[in-house]
Amino acid sequence: MAGRSLGTGKLVFFVVSASAPMTVLAGGVVVTLAVTGNVGTPLSFLLLGVALALFVVGYAAMTRYIDNAGAFYSYIAQGLSGAWGVSASAVAFVAYNTIQIGLYGLFGAMMNLFAAAHWGLTWSWWVWSLLLWAIIAVLGVLNIDLSAKVVGVLLIAEVAAVLLFDTAALGHPAGDTVSFAGLDPGNLFGPGLGGVLAFGIAAFVGIESAAVYSEETRNPQRTVARATYIGVAITAVLYALSSWAMTVTVGPDQVVATAQDPEGGLPFSVIAQHIGEGFATTANVLFLTSIIAAMLSFHAVVARYTFSLGHERVLPAWTAKTSRRTAAPVAGSLLQTALAAVIVALFAVLNRDPIAELFTWLSYVAAVGVILLMLTTSVAVIGFFNRRGGGPESLWQRLIAPALATLALAFILVVTAVNSDSVLGAEAGSALTYVLPGIIIVAAVIGLIWGYVVKSTRRDVYDGIGRGGSATGLSGLSGLSGLPGLASPIPQGSGPAEHSSPVR
C-alpha cells in the first residue's frame with residue numbers, strides 16, 4: 001500500500017465523495033419524496049446525522065488503538081472475536097461491492113439520457129458503463145494520491161453545484177414565502193417514515209470509511225476521527241439544507257407531485273429556471289461525475305478490504321499483492337474490477353433495467369450491510385474497552401454513546417428491512433424483499449463459519465485477525481512491510497432514481 005500520504009483534507013474528500021452529494025440531491029432526495037410522499041424528508045437527515053454522530057464517538061475512540069485497512073473487520077475482530085471479524089469482512093466485501101457495481105447501472109442510464117439529449121447518441125446504457133469500468137480499472141491500480149486528487153476536484157465542483165441550487169431555490173420560494181414544512185416533525189413522523197429512513201441511511205453510506213485508510217494517513221489516531229466527524233457534519237447539514245431548499249422552491253404542497261413527474265427534472269429544472277440552461281447542463285455533468293467519484297471511493301474500499309484479509313492470511317496470500325511501482329493494492333483492485341464486469345454483463349445480457357434493478361437492488365443490499373456493520377461495530381467498541389480496562393476515554397466514549405448508537409442503528413436496520421417493499425418498488429411479501437437482505441445474512445453466516453474453521457485449523461492466523469496478522473501467518477508475503485491498506489464504502493449516497501429524469 002502507499003505510504004502515509006493522506007491528511008485530513010484528502011480523507012474528507014474520500015469520505016464525503018463516497019456519499020455523493022449531487023447523486024443524493026438529484027437521485028436520493030427526489031426519489032424519497034416521490035416514493036414516500038413524506039414532506040418531512042429534510043428533517044430526517046438531521047436526525048440520522050445525530051444517530052451517526054453517536055456511532056462516531058466510540059468508533060473514533062477506537063481508532064486510537066487500531067491502525068488497519070480492514071476497518072470494520074478489524075474493529076469487530078478486536079472488540080468481539082476473530083470469527084465475528086471474519087463474518088464482518090464477508091458482509092463488508094458484499095456490501096461495498098454491491099454499491100460500487102450498482103452505480104454502473106445508474107451511471108450508464110443517466111449518461112445515456114444525457115448523451116441522447118445533447119449529442120444525439122442512442123447507445124445502450126451498458127456501453128457507457130463499460131467505458132467507465134475501464135477508467136475505474138486504471139485508476140484503481142494507480143497511486144492513491146492520483147485518485148485522491150481526482151476525487152477532490154470532482155467533489156469540490158459538485159458541492160459547489162449543490163450550493164448553487166440551494167441559493168437559487170431559497171432565493172425563489174414558492175408563493176414568495178419560505179416554508180419550514182420540510183423541517184416540521186409532524187410531517188416526518190407520519191406515513192412513509194420507514195421509507196424515508198431507509199433511503200436516508202443509504203445517503204450517508206460512505207461516512208464510515210475513513211478508518212479503512214488508516215494505514216495510509218499521517219497520524220491516524222487523530223486524522224481518522226477528525227475526518228469522520230467532519231464527514232458526518234458536512235453530509236447531514238448539506239443534505240438537510242438541499243432537500244429543504246427543494247421543498248421551499250417547489251412548495252411543500254407540490255414537491256411530491258413534481259418529484260413523481262418524470263418530466264419534473266428536479267433539481268436541474270430549478271437551476272435552469274432561475275440561473276440558466278447552461279448552469280443546469282453543467283450541474284447535470286457534475287451529477288455524472290459525482291457518481292464517478294463515489295465509484296472511485298467504493299472501489300478503493302473493496303480493494304483494501306481484500307488486501308487486509310490477504311495480508312492476515314484469512315484469504316489466500318495473493319490477494320494482498322501490491323503494485324511494485326505504485327504500492328496500490330493491485331490484486332484487490334483487479335478482483336473487484338473483474339467481479340463488476342461479470343455482474344454488469346449479466347444484467348446487460350438479461351436486459352434488466354439498469355436503475356430499477358441493477359442500481360436499486362444492489363444499493364439496497366449495500367445499505368443493509370453497512371448498517372449491520374455499524375451496529376456490530378458499536379457493540380464491539382463496548383466489548384473492546386470493557387476488556388481493555390482503563391484509559392483516557394470517558395464513560396461517554398466507552399459505553400454510553402456506543403450503547404445509544406447500537407439502539408439507534410438497530411431501529412434503523414429494522415425499519416429498513418420492514419420497509420424493503422417501498423424501497424425496492426416490490427409488492428409486500430414479494431420474494432425480492434427476502435432475497436436481497438438475505439444476501440447479507442448469508443454472507444455473515446458464511447464468514448462466521450470460515451472464521452471458526454480458521455480458528456480450529458490455523459490458530460496462529462486466527463490470533464492475528466484484525467491485528468495485522470501474526471508473524472507466522474504473514475511468512476511468505478513479500479513487499480508488504482509497512483504497506484497495509486486504504487478504503488472508503490453504500491450506497492452510494494442515493495436511493496433509486498427511476499421516478500424522475502434529471503437530464504435536461
Side-chain angles (χ1 to χ4, degrees), residues 20 23 27 90-113 115 122-141 202 205 288 291-292 294-303 305-306 315 319 331-370 420 423-427 430-447 489-492 494-498:
T23 304
V91 172
F93 185 82
V94 171
Y96 294 133
N97 261 299
T98 51
I99 184 54
Q100 202 273 353
I101 298 171
L103 284 171
Y104 279 111
L106 178 63
F107 177 84
M110 294 299 99
M111 186 65 211
N112 192 42
L113 290 175
T122 56
W123 297 351
S124 297
W125 67 268
W126 57 265
V127 175
W128 298 108
S129 296
L130 180 61
L131 291 174
L132 178 58
W133 172 84
I135 294 172
I136 297 294
V138 172
L139 290 178
V141 297
V205 173
L288 296 170
I291 301 173
I292 297 174
M295 294 181 72
L296 282 170
S297 291
F298 293 138
H299 179 88
V301 181
V302 175
Y305 260 103
T306 304
L315 290 180
T319 59
S333 179
L334 293 176
L335 180 62
Q336 200 283 323
T337 297
L339 185 60
V342 171
I343 294 180
V344 171
L346 180 63
F347 274 78
V349 169
L350 296 177
N351 197 31
R352 310 304 302 186
D353 188 286
I355 296 180
E357 296 175 328
L358 176 56
F359 171 64
T360 303
W361 292 357
L362 270 62
S363 294
Y364 177 74
V365 172
V368 172
V370 172
S420 60
V423 178
L424 300 170
E427 294 292 333
S430 166
L432 194 65
T433 63
Y434 296 100
V435 171
L436 293 184
I439 292 175
I440 292 297
I441 295 175
V442 170
V445 171
I446 291 176
I490 140 158
Q492 130 258 0
S494 74
E498 68 270 24

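Throughout, residue positions are numbered sequentially from 1 according to the sequence presented. Quick caveat: nothing in here was measured; it's all calculated off a predicted structure.
- Heavy-atom minimum distance, A303 versus S333: CB-N, 3.6 Å.
- Atom OG1 of T98 and atom CZ of F93 lie 10.5 Å apart (nearest 0.5 Å).
- Although no hydrogens or angles enter the test, the distance criterion places no donor-acceptor pair under 3.5 Å between the side chain of S124 and the main chain of W126.
- Atom-to-atom distance recorded for F107:CZ and I291:CD1 is 7.0 Å, nearest 0.5 angstrom.
- Of all non-hydrogen atoms in A90 and G447, the two that sit nearest each other are CB-CA, 3.9 Å.
- Within the 4.5 Å cutoff, no side-chain heavy atoms of V445 are placed close to those of V442.
- When all heavy atoms of G102 and L362 are compared, the pair lying nearest together is N-CD2, 3.8 Å.
- Going from atom CG of L139 over to atom CE of M295 covers 11.5 Å, rounded to the nearest 0.5 Å.
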Derivation and outcome, side-chain contact (heavy atoms from CB on, under 4.5 Å), residues I135 and I292
CA-CA 9 Å; I135 294 172; I292 297 174; 5.6 Å; no

Dump the intermediate steps for side-chain contact (heavy atoms from CB on, under 4.5 Å) on L131 and W123, then the final yes or no.
CA-CA 12 Å; L131 291 174; W123 297 351; 4.3 Å; yes

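- Residues V302 and L339 form no side-chain contact, since every pair of their non-hydrogen atoms from C-beta on lies 4.5 Å or further apart.
- Between F347 and the options V349, L350, I343, V344, a side-chain contact (heavy atoms from CB on, under 4.5 Å) holds for only I343.
- Considering only heavy atoms from C-beta on, L358 comes within 4.5 Å of W125 through its side chain.
- Of the inter-residue distances, the one linking T319 atom OG1 with Y305 atom OH reads 15.0 Å to the nearest 0.5 angstrom.
- Nearest heavy atom pair, residue V365 against residue V94, reads CG1-CG1, 4.2 Å.
- Among all heavy-atom pairs drawn from I99 and A366, the shortest one is CB-CB, 3.5 Å.
- Other residues, nucleotides and ligands contribute over 12 non-hydrogen atoms within 6.0 Å of the CH2 atom of W128.
- What you find for R352 and W361 is that their closest heavy atoms are NH2-CH2, 4.2 Å.
- A side-chain hydrogen bond (donor to acceptor under 3.5 Å, both in side chains) check over residues 336-345, counting only residues at least two apart or in different chains, returns the pairs N97-Q336, Q100-Q336, H299-Q336.
- A distance of 11.5 Å separates CG of L436 from CD1 of I441, quoted to the nearest 0.5 Å.
- Here the CD1 atom belonging to I136 is positioned 11.0 Å from the OG atom belonging to S129, to the nearest 0.5 angstrom.
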